[in-house]
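Just so we're clear, the structure is a prediction, and the values are computed from it rather than from any experiment.
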Amino acid sequence: MAYLCWFCLLVVTVIIQLVSSQHNDQSTMLALQKELSVLGWDVKNSDYCAWIGIRCNSNGSVERLELSRRGLKGNISAISELRALKWLDLSVNSFGGAIFANFGKLSKLEYLDLSGNQFVSSIPPELGRLKNLKSLNLSNNELTGAIPGELRSLEKLQELQLSGNRLNDTIPSWVANLTDLRVFTAYENFLGGPIPENLGLFSELEVLNLHSNQLMGPIPENLFASGKLQVLILTMNRLEGNLPDLIGTCKSLSNLRIGNNKLVGGIPRDIGNVSSLTYFEADNNNLSGEIVPEFARCSNLTLLNLANNGFMGPLPNELGGLVNLQELIVSGNSLIGEIPKSLSKCKNLNKLDLSNNRFNGTIPEELCDMSRLQFLYLSENSIRGEIPHEIGNCVRLLELQMGSNYLTGSIPPEIGKIKNLQIALNLSFNHLHGPLPRELGRLDKLVSLDVSNNQISGNIPSELKGMLSLIEVDFSNNMLTGQVPTFAPFQKASSANFSGNKGLCGDPLSSTCGSTFGDGHDYNHHKVSYKIILAVIGSGLAVFVMVTVVVLLFMMREKQEMAAKAASEAIDESQNPPSIIASNIFVENLKQAVDFESCVKATLKDSNKLVAGTFSTIYKAVMPSGLVLSVKRLKSMDRTISHHQNKMIRELERLGKLSHDNLMRPIGFVIYEDVALLLHSYMPNGTLSQLLQNATQSEFEVDWPRRLSIAIGAAEGLAFLHHVAIIHLDISSGNILLDANLKPLVGEVEISKLLDPSKGTASISAVAGSFGYIPPEYAYTMQVTAPGNVYSYGVVLLEILTSRTPVDEAFGEGVDLVKWVHSAPTRGETPEQILDSKLSTVSFTWRKQMLGALKVALLCTDLTPAKRPKMKKVVEMLKEVEQN
C-alpha cells in the first residue's frame with residue numbers, strides 16, 4: 001500500500017510539473033506576442049503550439065522557436081523562460097541592445113541563431129553554460145570585444161559563426177580543442193595575432209573562413225592534417241610564410257582563397273592531389289617559382305588566380321586539360337615564353353588574363369576556339385607577330401586588351417565581327433601599320449577605342465560613325481591624314497587624342513583642312529559641271545526647306561511643352577511655392593520633420609534624381625529637419641488626380657497601414673496642380689539591380705547567403721501583397737529597394753492602385769512591367785496577374801543566381817535571360833555552368849543551395865501560367881533551400 005501511495009504521489013508530482021510547465025510556456029508566449037506583435041500568432045487561439053514558427057513536444061512545452069526574417073524588434077528576454085527550448089532562430093530581424101545573458105539558462109538549447117540583427121556590446125560569457133549547444137551563429141551584428149573564454153565549455157559545438165562584427169583581440173587557442181567543430185567563420189572583424197597552431201588537428205573542421213581581419217603569422221600546417229577541410233578562406237590578412245606542403249592531403253578541399261597576404265615561396269606540387277579543388281585564389285602575395293603543372297590534375301578547377309606575385313618561367317601547357325576552367329588570371333608576374341596553344345581546349349574559359357608579364361611569343365590562331373571567352377587581356381608583354389585574322393572568331397568578347405606589345409602588321413578587319421565588344425578595344429603602343437579597317441564601324445556597342453602610338457596611316461574611315469556607343473577614343477601618335485570625321489565622340493574628345501598625326505586636320509584639332517579642289521594645276525581634274533552644281537544646290541535647298549519646316553514644328557511643339565511644364569514644375573526659389581491641394585503624413589512621429597514644400601522643390605532639380613522607372617521618377621529630398629526622404633513623382637497622373645483624388649488619398653492611407661517589413665510603404669503624399677508626389681523613407685543602398693551590377697564596388701560582400709536572404713525577403717513581400725489581393729504592376733530588381741542592412745523592400749506597390757483607381761488592380765492599357773520581366777502571356781492578355789508576378793519574380797531570382805541582366809546581347813538575338821537559362825541543356829551546358837561561378841565555387845553548401853534556388857526560378861518562369869507556383873509556395877521552397 002505504501003508503494004502504491006508513493007507511485008501515486010510521483011505521478012501527481014509529474015502531472016503538476018507538466019501542467020505548470022505548460023502554463024509557464026503559455027504565459028511566456030502570450031507575453032512575447034504582446035511585445036513583438038508577430039504576424040500569424042493569434043492570441044484568440046490559446047493553442048500556441050499551432051502558431052507559426054512554433055513546435056512543441058508531447059508535453060506542450062515549446063521546443064522550437066523560428067522567427068527568422070519577420071522584421072521584429074523589442075524585448076525578447078522572456079524567451080529565457082522556455083526551458084524546454086532546443087532550437088531558437090531569431091535571425092535577420094531588428095533586435096538590438098546586448099544579447100541577453102539569461103539565454104544561458106536554456107540548458108537544452110542545441111541551435112541558437114541571432115545573426116543579422118543589431119546586437120551590440122560583447123558576447124555574453126553566460127552562453128558558455130549551454131552545454132548541449134551544437135550551432136551558434138552571431139554573425140552580422142555589431143558585437144565588440146574578445147571571444148569569451150567561457151565558450152570553451154561548448155564541447156558539442158559543431159558550428160561557430162561570428163562573422164561581420166567588430167570583434168578584436170585574437171582567436172583563442174581553445175577553439176582548436178572543440179573536437180566536434182565542423183564550421184568556424186569569423187570573417188570581417190578586427191581579429192589579430194596568429195591562427196591557432198592546432199586548429200583542425202583534433203577537430204572535424206570542414207569550413208574555416210577568416211578573411212578580412214588582421215591575422216599574422218603562418219598558415220598552420222595542422223589545418224590540413226585531418227584531411228577533412230573543404231573550404232579555407234584567409235584573404236585580406238597579414239599572413240606570412242609558405243603554403244604548407246601538407247595541403248596535398250586534403251582531397252576534399254574545394255575552395256582555397258589566400259589572396260592579399262604576404263605569403264612567400266612556391267605552390268606545393270602536391271596541389272595536384274587535391275582532386276576536389278574548384279577555386280584557387282592566391283593573388284597579391286609574394287609567391288615565386290614556376291606555376292606548377294600539377295594544377296592540371298585538379299580536373300574540377302573553375303578559377304585559378306595567381307595574379308600579382310613573382311612567378312617565373314612559362315605557363316604550363318598542361319593547363320589546357322582543365323576543361324572546366326572558367327577564369328585563368330596570372331597577370332602581374334614574370335612569366336615568359338609562348339602563350340600555350342593548348343589553352344584553346346579550355347572550352348569553358350570566360351576570362352583569360354595574361355597581362356603585365358614577359359610573354360614573347362605570338363598570339364595563337366587557335367585562341368578563339370574558346371567559344372565562351374568574354375575577357376582577353378594580353379597587354380604589357382613582349383608579344384610579337386601579327387594579330388591573327390582568327391580573332392574574329394572570339395564573337396563573345398566584351399573586352400580585348402592587347403596594348404603595349406610588339407605587334408606588327410595591320411589591324412585585321414575581322415575584328416569587326418566581334419559584335420559584342422563593349423568595354424574596350426585597346427591596341428595602343430604596338431608597331432601596327434596600314435589603314436584603319438572600315439569594319440571597325442560595325443562595333444556599335446564599343447565604349448572605348450585606343451589605337452594610339454602605332455604607325456597607322458590613311459584616313460579615319462567615315463564608317464566609324466557606326467560606333468554609336470563610343471565614349472573614349474585615342475588615335476594619337478600615328479600617321480593618319482585627312483579630316484577628322486564630324487562624329488560627336490570625336491568632336492568631344494580632347495585634341496590630345498588626335499595629336500601626333502601630322503596629316504590630320506579638323507575639329508577637335510586646331511588645324512583647319514584646306515580646299516577640297518586642291519591646287520590650281522589640278523583644277524581641270526576636279527572641274528565640275530555648273531549644271532550639276534546648280535542641280536545639287538537646288539536639291540539641297542529643297543531638302544533644307546523641308547527640314548527647316550519640320551524643325552520649326554518640333555520647336556513650336558517643344559516650346560509649348562516646355563511652357564506647359566514650366567507652368568506646373570518650374571518653381572524658382574524666389575517664387576511663391578505651388579498651391580498644395582492635399583498632403584498628409586501617415587507616420588505620427590514624422591509629421592513635424594517633413595516639409596511638403598521642400599519635397600516639391602527637390603523634384604525640380606535633376607541633381608536630386610535617383611532613378612526613372614516605368615511609372616515614376618524618384619528623387620532624393622533633404623528636409624530642413626535633416627530627415628532624408630525618397631520622393632516619387634508619378635507619371636501620367638492628371639486624370640487620376642482630377643477625377644479620383646479622394647479615392648486615391650484613401651488608397652494611399654490604406655497602403656500606408658500595410659504591415660509587412662518587406663514592403664516599401666508610403667509615409668505620406670503631396671498633391672499640387674496636376675502633380676502627385678509619394679513620400680517614402682530613403683533607402684541608402686539603392687536597388688537590388690544596382691547592388692548586383694556593382695557587386696565588386698559595394699561596401700557589402702554580396703555573397704550567396706546575403707543574396708538568398710534578399711531573395712527570400714522579396715518573395716515574402718510579394719506573397720503578402722497577393723494575400724491582401726494586390727497584384728504588382730512592375731516586379732523587377734530595380735523595384736526592390738535595400739535598406740541600411742540590405743533588407744529588401746518591394747517598391748512601387750502604390751502604382752497598382754493609383755494608375756486605375758476605378759478598377760483597383762488588373763488591367764491597364766499601357767505596357768505594365770519592365771523589359772525582360774514581362775511574362776509571355778501578357779502579349780495577348782494585356783492582363784496583370786498573380787502568375788505574371790511570379791514569372792517576373794523568377795527573372796529577379798535568375799539575376800541573383802547568375803549575376804546577369806535580364807536582357808544581354810551575349811545571349812543572342814531575341815534571347816533574354818529566361819530563354820538563355822531554359823535552353824542551357826540544348827547548348828550542352830549543365831546547371832552549374834549557368835550559376836555565377838564566383839559564388840557557386842565557394843563551397844559545396846553554397847552550390848547545393850544555388851542549384852535548389854535555380855529549380856525554384858525555373859518553376860517560376862514556366863511558360864504556362866498555371867504551372868507556376870503561388871508566391872507563398874515560392875517562399876516555402878526557398879526557405880527549404882536555405883536550411884539544406
Side-chain angles (χ1 to χ4, degrees), residues 611-618 632 634-636 663-664 687-690 692-693 710-711 714-715 717-719 721-722 725-737 744-756 759-824 834 854 856-871 874:
V611 64
T614 305
F615 302 111
S616 65
T617 302
I618 301 174
K632 181 185 300 179
L634 301 184
K635 299 178 180 179
S636 303
L663 293 182
M664 189 75 174
T687 67
L688 173 59
S689 175
Q690 293 167 336
L692 294 176
Q693 291 172 17
I710 291 172
L718 187 53
L721 284 180
H722 289 183
I726 295 178
I727 310 300
H728 202 288
L729 291 187
D730 191 14
I731 288 294
S732 69
S733 59
N735 279 334
I736 296 174
L737 289 301
L745 294 93
V746 177
E748 294 281 49
V749 176
E750 315 88 354
I751 301 301
S752 60
K753 289 291 186 181
L754 301 185
L755 273 185
D756 191 351
K759 294 181 180 178
T761 59
S763 175
I764 58 171
S765 58
V767 174
S770 299
F771 189 56
Y773 300 90
I774 302 172
E777 68 270 16
Y778 184 82
Y780 55 88
T781 66
M782 292 299 287
Q783 296 286 321
V784 185
T785 63
N789 275 187
V790 175
Y791 178 94
S792 302
Y793 173 80
V795 179
V796 173
L797 189 53
L798 288 176
E799 285 184 82
I800 291 173
L801 287 161
T802 65
S803 295
R804 292 177 177 266
T805 54
V807 180
D808 190 328
E809 291 291 339
F811 298 148
E813 188 172 354
V815 179
D816 58 16
L817 179 57
V818 173
K819 291 178 182 177
W820 180 77
V821 170
H822 280 265
S823 62
I834 297 170
L854 179 60
V856 178
L858 292 174
L859 290 173
C860 291
T861 52
D862 195 290
L863 293 180
T864 306
K867 292 183 179 180
R868 298 171 197 154
K870 296 184 184 300
M871 281 308 304
V874 172

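Between the side chains of Q693 and S689, at least one donor N or O sits under 3.5 Å from an acceptor N or O.
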Output, in order, the C-alpha distance, side-chain angles, deciding distance and verdict of side-chain contact (heavy atoms from CB on, under 4.5 Å) for L854 and L798. CA-CA 7 Å; L854 179 60; L798 288 176; 3.8 Å; yes

Report the C-alpha distance between I731 and V746 in whole Å, list the side-chain angles of each, state the deciding distance to 0.1 Å, and finish with yes or no for side-chain contact (heavy atoms from CB on, under 4.5 Å). CA-CA 8 Å; I731 288 294; V746 177; 4.0 Å; yes

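Side-chain atoms of N789 come within 3.5 Å of backbone atoms of H728 as a donor-acceptor pair (strictly under, hydrogens ignored). Distance alone, capped at 3.5 Å, places no donor-acceptor pair between the T864 side chain and the A866 backbone.
Within the 4.5 Å cutoff, the side chain of M871 has heavy atoms near those of the V790 side chain. Between I710 and P744, the closest side-chain pair of non-hydrogen atoms falls below 4.5 Å.
No option in L718, L721, L745 other than L721 meets the side chain to side chain contact (heavy atoms under 4.5 Å, CB included) test with L663.
Note that CD of E799 is 7.0 Å distant from CG of L817, once rounded to the nearest 0.5 Å. To the nearest 0.5 angstrom, L863 atom CG is 9.0 Å from K867 atom NZ. The OG atom of S792 sits 10.5 Å away from atom CG of L729, with the distance rounded to the nearest 0.5 Å. Between the CG atom of D730 and the CG atom of N735 there is a distance of 4.5 Å, given to the nearest 0.5 Å. Of the inter-residue distances, the one linking R868 atom CZ with C860 atom SG reads 9.0 Å to the nearest 0.5 angstrom. Expressed to the nearest 0.5 Å, how far NZ of K819 lies from CZ of F811 amounts to 12.0 Å.
Closest non-hydrogen pair, I800 versus A711, comes out as CD1-CB, 3.8 Å. When all heavy atoms are compared, the tightest approach of A824 to I834 is CB-CD1, 3.4 Å. L737 approaches G747 most closely through the heavy-atom pair CD2-CA, 3.9 Å. In terms of heavy-atom proximity, R804 sits nearest to D808 at NH1-OD2, 4.5 Å. Closest of all the heavy-atom pairs between Y791 and P775 is CD2-CA, 3.4 Å. Residues T687 and S733 approach most closely at CB-O, 3.8 Å, considering heavy atoms.
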